[in-house]
J.: 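Structure incoming, see below.
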Amino acid sequence: MDTIPERTPSMLEDPPQVDLTAATRLLQVEYGLDAVVSDLRSERDRNFLAEVPDGRRLVVKVSNSGDDPDQIAMESAAMHHVEVVDPDLPIPRVLTSLDGRSVVTVEAADGRTHLVRVMTVMPGDVADLTALPGWFAADFGVVSARLTRALQGFGHPAAYRRLDWDPRIVTTLRPYADRLPDERRRAPMHRLLDRFEGLDAATRALPGYVLHGDVTLSNVLLQDGGITGVIDFGDMHHTARVAELAISLTSLLRESDDVWGDAGRFLDGYQRVLPLEPAEVALIGELVLARSAASVLISAWRAPLYPDNEEYLTSLVAGSWRILDLLADSSPTDLADHFHRLCGTSRVASAQTADPTLLVRRQSALGGELSPLFYRSPLQVVRAEGPWIHTADGRRYLDAYNNVPVVGHAHPAVVQAISRQAAVLNLNSRYLHPNVVELAERLTASMPDGLDTCVFANSGSEANDLAWRMARVVTGRGGAVVADLSYHGVSEATAAFSTNTYPAEARPAHVAVFEAPRDAGDDGIAAVERVRAARVELQRAGHDLSLLAVDTVFSSAGILTPTDSFMRGLQDEARAAGGLFLADEVQAGFGRGGRNLWRFLDFGLTPDFVTLGKPMGNGHPVAALITRREIAEAFVEVDEYFSTFGGNPVSCVAALTVLDVIEESGLVARSGEVGALLRSGLESLVPELPVRGQGLMVGVETPDAADFVERLRENGVLVGTTGPGGGVLKIRPPLIWTAAEVEQVLIAFQRALR
């Protein structure tokens, strides 16, 4: 048999031999209170209820002589701390004696001296002595998390003590496995304890601090449809946050007829206050099992020692065995997976590992070529931060392509804003909310005079589609003019405008094209001539110009840099022909051009419509259409627009934070400076190849673009292709790049050239 380990002192000492008479006299002498005193149940201490004539109800807590006086002082200090941090949290208040002490002493019948505190009684019934209502599990999770949060800033040297009830150290109770009354339970218990050998070590890297240690049903009070009290701070110690959670959850599940349902409700309530880390969630099941095992082992040890208190000492045994029988057959991995699903942490965790079946499964489920991938050997991406993308094979790549994370992948401020707003409210925009109003105000304030109306959508495609609907209503016409090799979206209307996605013979009759500007000779006169020619084409097909839409960097045409006069020629001739002008800033906006927040401002334009998308939420789907009030009012006379998710609080707070980061970090100017450095470096490196663009939107025309992209990937840099036949390397990184990232691109280019 294993050697019996040294036990916690208060678990060895007999309960205080203090009777009702002694408790009554103590109240009179030390507190000046006459009270009617009665017994309360307890295991290691002696507790009394004192009812004072003025109506107050107090608890007289006589601590076990094995308890450390410093620990009792810690409990009183912790209760005061919680009272200050979360004054609405229902915990007892400690009374001071006539001479101002929080702790007094009493002499027991056996000659021992015990420390005594008097505390206010919390109203309500003890949870483990009443039928638990349906709301209890979720509210219990909330209260447990609130108390844990309230104690985050509390510390005390007495907290670093060992408690037999601590589930992390359940293996120290192994000697009592051989004392289990049912001999058939002994061998399985030893095997279960083997499983817990690394549990203490596994929790050491997790969040932990000084905590209550016993937020259980026996220490929680209910009344009038709510939790009215959390009592008994006697088990306070420094522990892992998740171990504290498991103690509460185990207590709930012992009484539950719906273990997984109540576990989910408890964890939902808990995470509304304190979101859990995946590593914590992975251990919840093991700690619940360990706490249940500790209950039956401690009962096997103590019940024979105190036969008069056997009913209390064995009260947790049946429920604990029920949990053990239900959960112990599950492997740690399966149990962790179940709790991950309950807590919402499983998808993030499971997506971090390589999956060799992923490509085949994707091709089967996503339609193969209907949803093509980058690269001949596709990358399984697992995470990204700043300018870097990490893949499942352990490599990291410099992202020189994705403009969606405009302020860098997983920017902490944006992540924080999204997660905090999502934890509070997300709803459609037909309710008043400040996020959508503030975002609209900031966007319209950044526009030229007259562009005063903002409408939110979920993507650039939707924003462009809405602009087309409005233009048709306002002009009464149905013809569109776009650049050849343009891209404006994936809706039925905007797909027709995306002339780079289909052959020329498939172009609809209501869409005409103009040739994109290829050199400085393409001036305003050339633009006017091209718009007029396109309009003639529309008129021959029975249409007339309603909308001219232009991507202000001509990204799909090969990343071009038009002259100011060419762009003004497009705008002015469209209006002269009775049409409206749209600046598509989905790829060009948010400072990418390095001069202004919006690229169209570089040309001195004042469009009728401005559309924003992709980078707006740094990865969160949000887009906008900015237009003039008279256009919007004309539209609503005959039609309306509503998007369930457009302008929702989470999307808007993401976009607001992106604007904050761009402004605070000076990313517009940085884009210009770093972009100029990148372009000059490439021009020096490949003088024989055309290098085009402005700011951090750069194209390099090369006859082997498809192969070059693969070679750059091999050298740790991700770029795309664009332009006629995909013959232009597309470099369009997050705006947080510095000279260091430029240097890495140039090194990769040198190696790829070889």
Side-chain angles (χ1 to χ4, degrees), residues 7-18 23 39-50 58-83 89-95 102-106 108 112-122 126-128 143-144 147-148 150-151 154-167 169 209-221 229-239 243-244 247-248 250-251 291 294-295 298 302 306 309 312-313 315-316:
R7 302 262 56 90
T8 303
S10 63
M11 297 289 271
L12 296 173
E13 296 288 342
D14 290 332
Q17 294 184 25
V18 176
D39 282 308
L40 292 174
R41 63 178 185 159
S42 59
E43 179 188 359
R44 296 170 294 148
D45 305 324
R46 280 287 274 139
N47 296 330
F48 302 93
L49 173 65
L58 307 171
V59 170
V60 180
K61 186 173 183 66
V62 183
S63 295
N64 190 294
S65 59
D67 286 341
D68 186 341
D70 289 338
Q71 292 164 6
I72 293 173
M74 170 183 66
E75 295 170 31
S76 299
M79 293 166 75
H80 175 68
H81 177 89
V82 172
E83 180 183 350
L89 197 59
I91 66 165
R93 306 309 193 234
V94 180
L95 272 65
S102 296
V103 182
V104 300
T105 59
V106 65
R112 291 183 296 161
T113 299
H114 300 279
L115 300 177
V116 182
R117 284 159 295 163
V118 178
M119 290 169 273
T120 57
V121 169
M122 306 305 296
V126 180
D128 67 352
V143 168
S144 298
L147 184 53
T148 294
L151 285 166
F154 178 75
H156 198 283
Y160 296 90
R161 58 170 172 160
R162 177 190 169 309
L163 284 181
D164 295 302
W165 282 103
D166 188 340
I169 59 171
Y209 27 92
V210 183
L211 293 166
H212 181 282
D214 197 19
V215 183
T216 58
L217 299 192
S218 59
N219 290 324
V220 170
L221 307 176
V230 180
I231 60 175
D232 192 354
F233 282 62
D235 283 342
M236 288 197 71
H237 64 296
H238 190 284
T239 186
E244 174 88 343
I247 289 168
S248 299
T250 305
S251 175
R291 176 70 172 190
S295 294
I298 290 173
R302 291 186 58 78
Y306 303 100
N309 203 20
Y312 179 76
L313 293 171
S315 60
L316 305 179

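In what follows, every heavy atom counts, from backbone to side chain, and hydrogens, waters and symmetry copies are set aside.
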J.: For the OG1 atom of Thr250 and the CZ atom of Arg291, what is their distance to the nearest 0.5 Å?
T.: 7.0 Å
J.: Look at the rings of Phe154 and His81 and say which category their plane angle falls in: under 30° parallel, 30 to 60° tilted, over 60° perpendicular.
T.: tilted
J.: When you compare the side chain of Val59 with that of Arg117, does any pair of heavy atoms fall below 4.5 Å?
T.: no
J.: Is it the case that the side chain of Asp45 and the backbone of Asn47 share a donor-acceptor pair, with hydrogens and angles ignored and the cut-off at 3.5 Å?
T.: no
J.: With Val116 as reference, evaluate Val18, Ile72, Val60 under the side-chain contact (heavy atoms from CB on, under 4.5 Å) test and give the passing residue.
T.: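 Exactly one candidate clears the test, Val60.
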J.: Closest approach of Pro16 and Arg46, non-hydrogen atoms and distance?
T.: O-CG, 2.9 Å
J.: Nearest 0.5 Å please: distance from the CG atom of Leu163 over to the NE2 atom of His237.
T.: 5.0 Å
J.: Roughly how far, to the nearest 0.5 Å, is the CD atom of Glu244 from the CG atom of Asp214?
T.: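 It comes to 8.5 Å.
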J.: Going through the checks in order, is the side chain to side chain contact (heavy atoms under 4.5 Å, CB included) test met by Val230 and Val143?
T.: CA-CA 8 Å; Val230 180; Val143 168; 3.5 Å; yes
J.: Give me the atom names and distance for the closest heavy-atom approach of Asp128 to Ser218.
T.: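 In terms of heavy atoms, the two residues are closest at OD2-CB, 3.3 Å.
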J.: Answer yes or no: is there a donor N or O on one side and an acceptor on the other, between the side chain of Ser251 and the main chain of Ile247, under 3.5 Å?
T.: no
J.: Does the side chain to side chain contact (heavy atoms under 4.5 Å, CB included) test come out yes or no for Leu58 and Leu95, once each step is laid out?
T.: CA-CA 9 Å; Leu58 307 171; Leu95 272 65; 3.9 Å; yes
J.: Kindly compute the distance separating CG (Asp232) from CG (Leu40), expressed to the nearest 0.5 Å.
T.: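 Taking CG in Asp232 and CG in Leu40, the distance rounds to 11.0 Å.
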J.: Just how far is it from atom OG1 of Thr239 to atom CD1 of Ile169, taken to the nearest 0.5 Å?
T.: 9.0 Å
J.: Is Arg161 reaching over with its side chain to a backbone N or O of Met236, donor-acceptor style, under 3.5 angstrom?
T.: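 Such a contact is found between Arg161 side chain and Met236 backbone.
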J.: Using the side chain to side chain contact (heavy atoms under 4.5 Å, CB included) rule, take Asn219 and Phe233 through it: C-alpha gap first, then chi angles, then the decisive distance, then the call.
T.: CA-CA 9 Å; Asn219 290 324; Phe233 282 62; over 6 Å; no
J.: Looking at side-chain heavy atoms only, is the closest gap between Asp67 and Leu115 below 4.5 Å?
T.: no
J.: Does the pair Asp68/Arg162 count as a salt bridge with the N-to-O cut at 4.0 Å?
T.: no
J.: Please give me the minimum heavy-atom distance between Ile231 and His212, naming the atom from each residue.
T.: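 Looking at all heavy atoms of both residues, the shortest contact is O-NE2, 3.0 Å.
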J.: Output the distance between atom CG (Asn64) and atom NE2 (His114), rounded to the nearest 0.5 Å.
T.: 7.0 Å
J.: Where the side chain of His238 meets the backbone of His156, is there a donor-acceptor pair that is under 3.5 Å apart?
T.: no
J.: Report the C-alpha separation of Val210 and Leu151 in whole Å, then their side-chain angles, then the decisive distance to 0.1 Å, and conclude whether the side chain to side chain contact (heavy atoms under 4.5 Å, CB included) test is met.
T.: CA-CA 7 Å; Val210 183; Leu151 285 166; 6.0 Å; no
